[in-house]
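This report concerns only the one structure given below.
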Amino acid sequence: MELFESLQRRRAVRDFTTAPVPEDILKKLVYAARRAPTVGNAPYRRILLVNNPATIRLVKQVSPGIRGSPAALIIMITDLDAAKQLGRLGAICSPMDAGAAAENVLLAAVDLGLGACLAKSYSEEGLKEILDIPANCRTEIIVQLGYPKKELPPSVKPKADADAIYLDRYGRTWEA
Ligand SMILES: Cc1cc2nc3c(=O)[nH]c(=O)nc-3n(C[C@H](O)[C@H](O)[C@H](O)COP(=O)(O)O)c2cc1C
């Protein structure tokens with residue numbers, strides 16, 4: 001699928017069928033995440049894939065942001081000890097690095113016929129306990145994934161209300 005078609009087809013998908021996501025597809029999604037940049041090219045991003053249905057059910061119990069039953073979760077995590085080696089820059093930029101990886105996964109999911117949605121509404125404490133995530137790590141975002149229960153129509157228009165576009169200086173509007 002062409003990138004711009006994926007951009008238009010990407011919608012927040014929260015309802016999934018019970019079909020599992022095959023391992024080769026999961027590997028492609030993780031590859032997409034790993035292609036995303038990190039500040040200073042520093043290796044502090046950790047990617048935790050969860051596809052065990054029982055574990056996902058536990059995660060769902062501590063995650064109001066997960067409404068349906070995803071077949072897989074890809075969780076972006078920052079190793080704060082590793083980030084500290086970059087000083088403030090690592091600590092501040094790491095959520096953005098996680099966001100970049102998450103967006104790559106969202107777009108790759110479209111290309112692979114999956115539906116996906118971010119989830120930030122969860123108990124970090126709960127997540128850490130269920131998934132054995134060490135204290136020196138910060139969970140940044142969950143990407144919930146699966147085969148969509150129903151096809152959402154593509155959304156062609158940019159998010160006009162969300163993003164104001166300016167040219168050359170703040171406040172000078174521009175028709176993008
Ligand atoms: C940082 C971030 C956190 C989000 N957390 C949640 C969440 O916890 N649960 C949820 O259902 N959607 C969540 N979303 C999805 C947004 O609600 C959704 O992307 C937005 O409504 C726009 O819809 P669209 O993705 O179809 O364009 C999150 C999105 C972002 C960017």
Side-chain angles (χ1 to χ4, degrees), residues 1 3-39 43-80 82-83 93-134 137-152 154-155 159 162:
M1 192 182 293
L3 175 62
F4 276 79
E5 193 188 339
S6 299
L7 289 172
Q8 292 172 349
R9 297 187 78 89
R10 189 212 59 74
R11 305 282 309 274
V13 173
R14 300 179 175 93
D15 289 318
F16 309 97
T17 69
T18 53
V21 182
E23 195 175 309
D24 60 320
I25 302 281
L26 291 172
K27 283 188 174 165
K28 284 186 173 168
L29 293 166
V30 170
Y31 170 81
R34 296 177 75 190
R35 287 293 305 143
T38 63
V39 60
Y44 56 62
R45 188 170 51 209
R46 308 285 178 258
I47 295 170
L48 175 55
L49 169 70
V50 183
N51 76 339
N52 178 300
T55 310
I56 292 174
R57 277 196 294 276
L58 287 177
V59 170
K60 198 172 136 67
Q61 281 175 21
V62 298
S63 308
I66 299 178
R67 296 187 221 159
S69 298
L73 308 172
I74 297 181
I75 304 170
M76 306 303 168
I77 295 167
T78 301
D79 178 329
L80 293 171
C93 291
S94 49
M96 295 171 215
D97 300 327
E103 179 69 11
N104 272 15
V105 173
L106 294 181
L107 290 172
V110 173
D111 194 49
L112 295 164
L114 291 155
C117 182
L118 299 177
K120 183 65 185 167
S121 176
Y122 56 78
S123 152
E124 166 137 34
E125 215 178 33
L127 210 57
K128 282 184 157 181
E129 196 179 322
I130 294 163
L131 300 170
D132 281 341
I133 299 169
C137 286
R138 183 174 63 208
T139 60
E140 307 286 7
I141 193 87
I142 300 177
V143 189
Q144 44 176 322
L145 295 146
Y147 289 97
K149 247 190 191 157
K150 64 170 190 244
E151 200 69 37
L152 295 176
S155 176
K159 292 180 179 299

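Please read all numbers here as calculations on a predicted model, not as lab measurements.
Taking a 6.0 Å sphere around NZ of Lys128, one finds it holds more than 12 heavy atoms contributed by other residues, nucleotides or ligands. The local environment of CD in Glu129 is sparse, with at most 12 non-hydrogen atoms from other residues, nucleotides or ligands closer than 6.0 Å.
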I would like to know whether Glu140 and Arg46 meet side chain to side chain contact (heavy atoms under 4.5 Å, CB included); could you show each step before the answer?
-> CA-CA 10 Å; Glu140 307 286 7; Arg46 308 285 178 258; over 6 Å; no

Verdict with supporting geometry, Thr139 and Leu131, side chain to side chain contact (heavy atoms under 4.5 Å, CB included) | CA-CA 11 Å; Thr139 60; Leu131 300 170; over 6 Å; no

May I have the step-by-step check of side chain to side chain contact (heavy atoms under 4.5 Å, CB included) for Met76 and Asp97, ending in yes or no?
-> CA-CA 9 Å; Met76 306 303 168; Asp97 300 327; over 6 Å; no

Could you walk me through whether Arg45 and Arg34 pass the side chain to side chain contact (heavy atoms under 4.5 Å, CB included) check?
-> CA-CA 9 Å; Arg45 188 170 51 209; Arg34 296 177 75 190; 5.5 Å; no

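Here the closest heavy-atom approach between residue Ile77 and residue Cys137 is recorded as CG2-CB, 3.6 Å. Across all non-hydrogen atoms, the minimal contact from Val13 to Pro148 is CG1-CB, 3.9 Å. Considering all non-hydrogen atoms of both residues, Pro22 and Tyr147 come closest at CD-OH, 3.4 Å. In this structure, Val30 and Ile74 approach most closely via the heavy-atom pair CG2-CD1, 4.4 Å. Closest non-hydrogen pair, Tyr122 versus Ile141, comes out as OH-N, 3.7 Å. In this structure, Leu127 and Ile133 approach most closely via the heavy-atom pair O-CD1, 4.1 Å.
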List the atom pairs, donor and acceptor, that lie under 3.5 Å between side-chain atoms in residues 59-73 and the rest of the protein, sequence neighbours left out.
from, atom 1, to, atom 2, distance (Å)
Lys60, NZ, Arg67, O, 2.9
Lys60, NZ, Gly68, O, 2.9
Ser63, OG, Val59, O, 2.7

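Contacts of Lys27 classified as salt bridge (charged side-chain N to carboxylate O under 4.0 Å, His left out), with partners at least two apart in sequence or in another chain: Glu23. For Asp111, there are no salt bridge (charged side-chain N to carboxylate O under 4.0 Å, His left out) partners, not counting sequence neighbours.
A distance of 11.0 Å separates CG of Leu107 from CG of Leu29, quoted to the nearest 0.5 Å. Summarising the geometry, atom CD1 belonging to Ile25 is positioned 6.5 Å from atom CG belonging to Leu114; distances are rounded to the nearest 0.5 Å. Distance check, rounded to the nearest 0.5 Å: CZ of Arg9 to CD of Glu151 gives 5.5 Å. Within the model, atoms CD of Glu125 and CD1 of Ile130 stand 11.0 Å from one another, a figure rounded to the nearest 0.5 Å. For the atom pair Gln144 CD and Leu106 CG, the distance stands at 10.0 Å (nearest 0.5 Å). The structure places CG of Leu112 at 10.0 Å from CG of Leu145, a figure rounded to the nearest 0.5 Å.
Glu5 is not listed as a side-chain neighbour of Pro154, based on a closest heavy-atom distance of 4.5 Å or more.
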